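Worksheet for the structure shown next.
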Amino acid sequence: MSASDVRPAVPEWLHAPADANELVAAIWPPAAARTADGVLTVGGVLATDLAEQFGTPLYVLDQDAVVAQARRVREAFDAATARHGTTARVYYAGKAFLSTEVVRWVTGEGLAVDVATGGELAVALAGGADPARIGLHGNNKSRLELARAVELGVGSVIVDSLVEIDRLAEIAAARGAVQPVLVRVNSGVHAETHDFLATAHEDQKFGFALTDAERVVARIRELPSLRFLGMHCHIGSQIFGTAGFAESASRLVEVHARLLAGGEVPLMNLGGGFGIAYTSVDDPTDIEELADGIVDAVARECGARGIPLPALAFEPGRSIVGRAGVTIYEVGTTKPVRVSDELERLYVSVDGGMSDNARPALYGASYSARVASRTSEAAPTLARVVGRHCESGDIVVDAEYLPGDVTPGDLLAVPATGAYCFSLASNYNYVPRPPVVAVSNGEARVIVRGETIDDLLTRDAGIPTEGAE
Ligand SMILES: *Cc1c(COP(=O)(O)O)cnc(C)c1O
């Protein structure tokens, strides 16, 4: 069964808008607008100029939006923790979108950086991140990655298995180092957008069962080359509301209190997962409300047990960069398709697709879209924006109302593509990955260069290189 078989033909929440040119504020970068001529501008730069100068498809990242959001999130957690006499460290979860520029922007706002591989670590370092303010994640970090982390003095390694604990202890001991670690645990709380599910057992690859935490921490405390900092828990992604976080935090505090009997536990890391709006139906919780709700829950649970509040850490990714990104495509073909007696939809093919945005194909993720190069008075029509790849599941926007006269040559902009699009991009069908352009104050500059066909061919060992025998 393909993804489209299980979806309703039109999502229940989607309604024909009065104006299919409108930029629904929460989905777009805060400063996105249209000129008097109707052209979309991001960071003060015309979409038409961006397309002309850099080509399409194009990832556009509003620098000021990333910087402002990084600051807002840090301030929200600073304020929430200060009220309870403790502190928060906010790690930017680099897997959402990592480049040296973005590392500079977020570290400039006082954020630390989370990485999950040697490659992400290399980018964070190249962007000037302080190793002492880097967290290294992953359920299967290589010996080389662990050794590099120890050698650099990475501030925390989040350990994920007993095998890894012994491996890391040995590596640190051999270097005469003491490596600070957090223990990843599963609180049994899974949260997804509006709901959360709480279970006692989990069937997934990350972390330790909360019930094993005491035994695992006891093991770490026996190892002189490791220093136990606290527990780490990440309950999911694209979460709205505080209930799931609060439930998870309360389960963690209970174990945290028991761990205090065996030594100090200075830290608790509650992960990321704060949701953003992708379509007009999404109504994410303000970060200030989330921060207060989560920190209050931890404080309440600690208070009830008469234990001090630890320093807290958080790891937002999507909520820092998601809304700052817009992808610009050019429409290549349009085709009305009769879906049933009652329903016809316009298929709008663009020059990118699942290679630059895998999320619809991977998770059935919803997006929205607008014609970027002009406005139109034409009546809104139900459309599906699809890519150019050889998969019927190559969908960019499953369902959206676009002006009925959308036509080849129009530019189409898909908002909220700052997170998990560039980072999940592929070369499927030998399509070169698009460049990333940062916009700010009417200026645009490339922060990650686009690939060329030549870039792709250089990896093929069967192609004779010039000058070779
Ligand atoms: C992916 C991830 C994050 C970031 O999640 P967002 O939904 O982007 O905020 C944080 N922590 C861990 C451990 C993760 O795996």
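One-based numbering, in listed order, for ligands and for the atoms of each. Nothing here was measured: the structure is a model prediction, and the numbers come from that model.
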(Q) If I apply the N/O under 3.5 Å rule, does Asp114 come out as touching ligand 1? (A) no
(Q) Would His232 count as being in polar contact with ligand 1, using the rule that some N or O on each side must be under 3.5 angstrom apart? (A) no
(Q) Taking only non-hydrogen atoms of Ala419, do any sit less than 4.0 angstrom from ligand 1? (A) no
Q: Provide, to 0.1 Å, the distance between atom 2 (C) of ligand 1 and the closest protein heavy atom, together with that atom's residue and name.
A: Lys95 NZ, 2.2 Å
Q: For the pair Glu101 and Arg104, find out whether any cationic side-chain nitrogen is under 4.0 Å from an anionic carboxylate oxygen.
A: yes
Q: Measure the distance from atom 10 (C) of ligand 1 to every protein heavy atom, then report the residue, atom name and distance (to 0.1 Å) of the closest one.
A: Glu315 O, 3.1 Å
Q.
Using a 3.5 Å cut-off on N or O atoms only, is Gly236 in polar contact with ligand 1?
A. no
Q: Report the nearest protein non-hydrogen atom to atom 8 (O) of ligand 1: residue, atom name, distance rounded to 0.1 Å.
A: Tyr420 OH, 2.6 Å
Q: Go through ligand 1 atom by atom and flag the ones less than 4.0 Å from a non-hydrogen atom of Ser237.
A: 6 (P), 7 (O)
Q. Looking at Phe97 and Val436, what are the two nearest heavy atoms and their distance?
A. CZ-CG1, 3.7 Å
Q | Location of contacts on Pro316 toward ligand 1, heavy atoms closer than 4.0 Å | A | backbone
Q) Where does His234 meet ligand 1, judged by heavy-atom distances below 4.0 Å: at the side chain, the backbone, both, or neither? A) side chain
Q | SB check Asp296 Arg83 (cutoff 4.0 Å) | A | yes
Q. Mind checking what makes side-chain hydrogen bond (donor to acceptor under 3.5 Å, both in side chains) contact with Tyr428, not counting sequence neighbours?
A. Glu391
Q. Going by the atom numbers of ligand 1, which of them fall below 4.0 Å from some non-hydrogen atom of Arg184?
A. 13 (C)
Q) So, are Lys95 and Asp114 salt-bridged, with charged N and O less than 4.0 Å apart? A) no
**Q.** Candidate list Val298, Val189, Ile294, Val295, test side chain to side chain contact (heavy atoms under 4.5 Å, CB included), partner Phe245, passing option
**A.** Ile294
Sequence neighbours excluded and cut-off under 3.5 Å, please list the side-chain donor-acceptor pairs for residues 118-135, or say none.
residue, atom, partner, partner atom, Å
Glu120, OE1, Ala116, N, 2.8
Asp130, OD1, Ala132, N, 3.0
Arg133, NH2, Gly110, O, 2.8

(Q) Among Ser319, Gly273, Gly322, which one puts a heavy atom closest to atom 6 (P) of ligand 1? (A) Gly273
Q. Looking only at heavy atoms, which two atoms of Val154 and Gln179 are closest? And how far apart?
A. O-NE2, 3.0 Å
